[in-house]
Amino acid sequence: MSEPIAPAVPPTPPVALSALLAREDLGLRQIAGPPAQDTVIHWAHTSEMADPYPYLLGGELLLTAGVHVPEAAGADGGAPCSSGVGSSGDYFEDYVSRIVAAGGAALGFGLAPVHDTVPRALVAACEAYGLPLLEVPPRTTFSGIARAVWQLMAQARLAELRRVTEAQQSLAAAASRPDPVPSVLRQLAQRLSGQALLYGPDGTVVAGAGRAPVPGTREALRKLTGVVRPGGVTEPGAPAEQCGPGGQAGGPTAPTASGAPGDGSPAAPPEPGPARATPASATDALADTQLTAYALGGGSGFVLGVATRRREQADHTIASVAAVLLSLLTGEHQSGAGAARSSALVRLLLGAAPAEVAALLGDGGRWLVVHARPENGTPDPMGAAALGAALGSPLIDLDRDVVRVLVPAEREPAAQPGWTLGVGAPAGPADWPSADAQAARALARARATRAPLVRHGARPGLTDLVPRADAEEYARVLLAPLAAGPALTETLRTWLSLHGSWDRTAVALDVHRNTVRQRITRCAALLDTDLDDPDVRMELWFALRDN
């Protein structure tokens, strides 16, 4: 006979066959097959085909009135099938075997108007193939059974949603406690009636809660965490680490990444090939216990391991919520580096000098100042937060139409879709104001040239040949006539950086091109110089850089 297929079941809670039998209004009676409490159904389907295999998806309660049964096979209730020989036994054996091969969950046989009793050969075939067989009384319609199945599924779905909602609320409350990580693990273990363990980047248990369903759970979970931890699977092209317990028939089972547990078959040997991406979750089985490992976000290396007696969709949803909360609790904000940076900001706000807190910021306290503007419209808090996350920094400032982000110097900012960025040179806290001005000028240049990202140039130049103090004093004197008009100074700087382009300067400054012309004319008059002279322009440019 054909091998049973894996049921293509819908994403809805299954219905226990025992719950359907408990409906007194249906009057169903099981007359063959394994106990009803061990069987679940996902839908009801009616068919009078002699071979229903092509029409089944798996997981069905198949309903039939026996119209397809040949007269010889169904006469007198069918002859007993003691040896598997004879037309009655052969027909029903073929019929039941095809249902089982298609993944059918149970068979319902309706009495009247075709058959007064269930054929005995059908009962024997269902018993032999382990297919639950229900007797449907004449008063019960197949459509009534289908409606009852959907009603039970709706009740199960409502109960599942209520369970998930209650679990989310309790997990969120646990995350707000003074001991958030142990509290979340305790609540998760309680909700799943299992064990929850948090593994650190080195594979050791950081915290845990609940009782192991079976011996060896902790070690099996530890091995499964290597599947989802970056670097945990070291052999290129190999499948997920084989961490089945070995106590099952057939030896260890191969854990399944982001899917169902191993099916009990021996794990295949590794095949050569390219290294595979690390999955976000993986599952395996230990005896009758389901094991799942979830990689926590942010690349921290922490992994949540869960061991439960069951594997329902609601369990996966609840564990996923806990994984998200634990990702936040173990992320950079809670790490040593994140705590040190928070401490540095608090000390700055309380009056400490930047040099005193530089050591807390890491990497010698060197950071990049990034200025950003969206290509369309003005930034909002949600967009600013998303930009900070993309750049890898929580230090964000939304100032009217510009977002400023402090990024650790070791993280090189990349162009972001929908944004225009200007990046200053790496600087310590004492030089942040200068880096801020550099980023502002880089952003103006990026917008004027329609480039997605412009970095401030930091290579040595002619200005390095002049002592900085002398250059600053010369610039102060040269630009003194413009000191009373900051807008004039900024307009002149932008205009010179854009090679005297009126239109691009207007775009960079968000003003009309006539305003640019008026300001540049005013600058020429106050400085009493010819701005069309390239030597004059060069001298003013160097002065503006040191101003």
Side-chain angles (χ1 to χ4, degrees), residues 7 9-49 52 55-69 74 76-78 92 95-96 99-100 102-166 193 309-315:
V9 296
T12 51
V15 173
L17 185 60
S18 57
L20 196 64
L21 290 171
R23 292 280 296 256
E24 295 182 358
D25 58 319
L26 298 178
L28 303 178
R29 184 170 68 95
Q30 183 174 358
I31 57 178
Q37 61 267 26
D38 298 334
T39 303
V40 294
I41 57 178
H42 292 269
W43 37 40
H45 176 68
T46 300
S47 174
E48 296 298 341
M49 303 297 294
Y55 309 98
L56 300 181
L57 296 176
E60 298 96 342
L61 166 61
L62 178 63
L63 301 171
T64 179
V67 176
H68 58 87
V69 178
D76 299 325
F92 286 115
Y95 179 70
V96 172
I99 296 174
V100 173
L107 175 64
F109 194 90
L111 302 181
V114 182
H115 298 270
D116 294 331
T117 61
V118 180
R120 290 193 296 270
L122 176 60
V123 176
C126 288
E127 195 68 46
Y129 281 90
L131 180 68
L133 175 62
L134 310 183
E135 180 186 82
V136 182
R139 64 181 175 85
T140 301
T141 63
F142 289 172
S143 60
I145 295 176
R147 180 177 60 186
V149 170
W150 289 114
Q151 288 174 344
L152 291 171
M153 291 179 68
Q155 294 172 7
R157 180 60 173 165
L158 180 61
E160 180 185 68
L161 291 174
R162 183 181 296 113
R163 177 174 172 240
V164 170
T165 300
E166 292 174 352
S193 301
R309 289 286 190 183
R310 60 190 177 190
R311 174 69 177 179
E312 299 177 0
Q313 182 62 34
D315 298 326

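Just the heavy atoms: all of them, side chains too, but no hydrogens, waters or symmetry mates, feed the values below. The residues of the chain are indexed from 1 along the displayed sequence.
For the pair Ile145/Leu20, a side-chain contact is recorded, criterion being any heavy-atom separation below 4.5 Å from C-beta on. Contact of the Phe92 side chain with the Val123 side chain is not registered, since no non-hydrogen atoms from C-beta on lie closer than 4.5 Å. When side chains are defined from C-beta on, Tyr95 counts as touching Thr64, because their heavy atoms get closer than 4.5 Å. With contacts defined as side-chain heavy-atom distances shorter than 4.5 Å, the pair Pro34/Pro132 qualifies.
Taking each heavy atom of Glu48 and His68 in turn, the nearest pair found is O-CB, 3.0 Å. In plain terms, the two heavy atoms of Ile99 and Pro52 that are nearest each other are CG1-CG, 3.8 Å. Of all non-hydrogen atoms in Leu26 and Ala148, the two that sit nearest each other are CD1-CB, 3.8 Å. Across all their heavy atoms, Val69 and His115 have their closest contact at CB-NE2, 4.1 Å. The heavy-atom pair separating Leu28 from Pro137 by the smallest distance is CD2-CD, 4.3 Å. Of all the heavy atoms in Cys126 and Val96, the pair that sits closest is SG-CG2, 3.9 Å.
Here the CG-CE distance, from Leu56 to Met49, works out to 11.0 Å after rounding to the nearest 0.5 Å. The OG1 atom of Thr39 sits 7.0 Å away from the CD atom of Gln30 when rounded to the nearest 0.5 Å. Interatomic distance, His42 NE2 to Leu57 CG, rounded to the nearest 0.5 Å: 11.5 Å. Here the straight-line distance linking atom CD of Glu135 with atom CG of Leu107 works out to 12.0 Å at 0.5 Å rounding. Leu61 CG to Ile41 CD1: the interatomic distance, rounded to the nearest 0.5 Å, is 5.0 Å. Rounded to the nearest 0.5 angstrom, Leu21 CG and Gln37 CD are separated by 10.0 Å.
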Evaluation steps, side-chain contact (heavy atoms from CB on, under 4.5 Å), between Leu17 and Leu134: CA-CA 10 Å; Leu17 185 60; Leu134 310 183; 3.8 Å; yes
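With hydrogens and angles ignored, the 3.5 Å screen pairs no side-chain donor or acceptor of Trp43 with any backbone N or O of Trp150.
By the 6.0 Å contact criterion, CG on Asp25 is enclosed, its count of non-hydrogen atoms from other residues, nucleotides or ligands being greater than 12. The environment of CZ in Arg139 is crowded: more than 12 heavy-atom neighbours from other residues, nucleotides or ligands sit within 6.0 Å.
Shown here are the side-chain contact (heavy atoms from CB on, under 4.5 Å) partners of Ala128, two or more places apart in sequence or in another chain: there are none. Applying the side-chain contact (heavy atoms from CB on, under 4.5 Å) rule to Glu127 yields the partners Ala32; only residues at least two apart in sequence or on another chain are considered.
Look at Glu160 and Arg163 and you find no salt bridge, because none of the NZ, NE, NH1 or NH2 atoms lies under 4.0 Å from a carboxylate O.
The side-chain contact (heavy atoms from CB on, under 4.5 Å) test with Phe109 singles out one residue from Leu62, Leu63, Leu122, Val136, and that residue is Leu122.
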